[in-house]
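What follows is a short report on a single structure.
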Amino acid sequence: MNEHEKLTRRQLVGGLGAGLAVAAVSPVLGATDSAVTPNYPAGPVLEDPTTKYPKPPFQEQSQPWPGLVSKMNPRPDHGEKSYKGSGRLMGRKALITGGDSGMGRAAAIAYAREGADVAINYYPTEEPDAKEVVELIRAAGRKAVAIPGDLRDEAFCQKMVQDAVNALGGLDILVNNAGRQQAHQSIMDISSEQFDWTMKTNIYAPFWTIKAALPHLKPGSVIIGTTSEQAYDPTPDLYDYAQTKAATMNYVKSLAKQLGPKGIRVNGVAPGPIWTPLQVSGGASMEKLKNFGSQTVFGRPGQPAELASIYVQLAANDGSFATGAIYGSSGGAGQP
Ligand code: NAD
Ligand code: MG
């Protein structure tokens, strides 16, 4: 074994916990190496993405905005029972907006199980969902901080960041995930008030939040934005929303260039149709909802749990060369 191989092997053994990553490299190292042999006698079973989760048709359902996970049928999967951590974010301090439900909740559960302390922001009426997430974070043995408030208010965005920094003792992962989506068949149906609501939530709030957070972010920290396949291939009923997701994709790319030299990475996640409260509280028409996700190659919507590992990957040290990138997970469409 030459020096390079020894180093690589040492790094692999020292740097990786048990799990899939080890399973992936073990053939190179030799199956008899007990230090790296994963503790999965049979390995995780193969899961067929076409049958893994519920398919349309879905029951008609509608909730007042912003909707609650507990009132959805079927209940979305955020990885509550399935996500297994392996210390990838041990000691990190994360703030996730919209952390009560959907992609934000999936990221919060995964981050906590990877060893991070997590602050979640949510709209005050989402307290029941937020409580569940706080319990899940604490059950993972990590600190949970609940910060309710309206992101359309600049002063609140500043206070949210300060509260997170104070409670966590710093900040190194910021996930701008909260979003406002209301479907309207025609541009004529969108009032200036609605348009402004969407812009304030999806564009202004990340701008204010990032400005407040930046002085606290040390080299190695990350900013992650939730964009959408809508940024690339907008549907006609999401005129205002889709353009905010294009803006998110764009700020990720410009900020990545600005902050790269400071050692701060900025990336985005672009989901396709995902089964979350946003869709049942005005995000999709009833017709669309009943067949939600049927257009994907799997014939079903995604579940928030299916994106959790992307948020982890974009935050982890071992993803250190990824910046200005959009990671997609859309069931076969979208063009990140
Ligand atoms: P979700 O309803 O679970 O999450 C959205 C969250 O945004 C809410 O939980 C709420 O806490 C927060 N929020 C909205 N307005 C707020 C305000 N004024 N103040 C404070 N919090 C506010 O739904 P989700 O689908 O998980 O949404 C998360 C992100 O994913 C959003 O940015 C959304 O645009 C994006 N997205 C969703 C889909 C999808 O199909 N569900 C697809 C692509 C992108
Ligand atoms: Mg919610």
Side-chain angles (χ1 to χ4, degrees), residues 63-72 75-78 96-108 120-133 146-154 156-157 160 175-183 196-206 208-209 224-235 238 240-249 268-284 288-289 292-293 295-296 300-308 310-311 326 328-331 333-334 336:
Q63 295 186 41
W65 179 87
L68 288 176
V69 166
S70 55
K71 295 190 174 150
M72 287 181 72
R75 232 185 117 109
D77 179 10
H78 308 86
I96 304 172
T97 65
D100 59 302
S101 57
M103 261 68 79
R105 178 191 288 219
I120 57 164
N121 155 255
Y122 50 93
Y123 197 71
T125 56
E126 296 176 301
E127 195 64 45
D129 275 358
K131 274 205 174 106
E132 290 182 2
V133 178
I147 313 178
D150 190 339
L151 290 167
R152 289 171 292 173
D153 176 0
E154 180 172 10
F156 171 73
C157 290
M160 167 182 74
V175 183
N176 289 303
N177 165 76
R180 164 89 173 167
Q181 173 186 321
Q182 295 286 299
D196 192 55
W197 189 334
T198 306
M199 298 300 142
K200 282 275 160 33
T201 314
N202 299 2
I203 297 183
Y204 278 78
W208 292 326
T209 305
I224 299 168
T226 303
T227 170
S228 170
E229 63 176 0
Q230 291 284 333
Y232 306 88
D233 191 10
T235 48
L238 293 173
D240 54 343
Y241 171 83
Q243 60 186 284
T244 68
K245 293 295 151 176
T248 303
M249 175 272 287
V269 181
I274 313 295
W275 189 245
T276 69
L278 170 141
Q279 299 291 357
V280 301
S281 59
K288 211 168 173 179
L289 202 62
F292 196 63
Q295 76 276 20
T296 72
R300 64 163 177 92
Q303 295 289 328
E306 297 182 279
L307 288 87
I310 301 177
Y311 288 87
I326 308 292
S329 184
S330 59

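Ligands are counted one by one from 1 in listed order, and the atoms in each one are counted from 1 as well.
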Do Thr248 and Pro206 have side chains that approach each other closer than 4.5 Å (heavy atoms only, starting at C-beta)?
no
Within the protein, residues bringing a heavy atom under 4.0 Å of ligand 1, chain by chain
Trp65, Gly98, Asp100, Ser101, Gly102, Met103, Asn121, Tyr122, Tyr123, Glu126, Gly149, Asp150, Leu151, Arg152, Asn177, Ala178, Gly179, Thr201, Thr226, Thr227, Ser228, Tyr241, Lys245, Pro271, Gly272, Pro273, Ile274, Thr276, Pro277, Leu278, Gln279
4.5 Å side-chain heavy-atom contact, Pro76 and Thr276:
no
Is it true that the side chains of Thr227 and Tyr232 contain a donor and an acceptor less than 3.5 Å apart?
no
Protein N/O/S atoms closer than 2.8 Å to the Mg ion (ligand 2)
Asp100 OD2, Ser101 OG, Glu126 OE2
For Trp197, which residues count as a ring pair (Phe, Tyr, Trp, His ring centres under 6.0 Å) partner, sequence neighbours excluded?
Trp65
Rounding to 0.5 Å, atoms CE (Met103) and CG (Leu278) come to a distance of 7.5 Å
Is there a side-chain contact between Asp129 and Tyr122, using heavy atoms and a 4.5 Å cut-off?
no
With a 4.5 Å cut-off on side-chain heavy atoms, are Arg105 and Glu132 touching?
yes
Would a 4.5 Å heavy-atom cut-off, applied to side chains only, mark Lys288 and Thr235 as touching?
yes
List the residues meeting side chain to side chain contact (heavy atoms under 4.5 Å, CB included) with Pro273, not counting sequence neighbours, and say none if there are none.
Glu229, Phe292, Gln295, Thr296
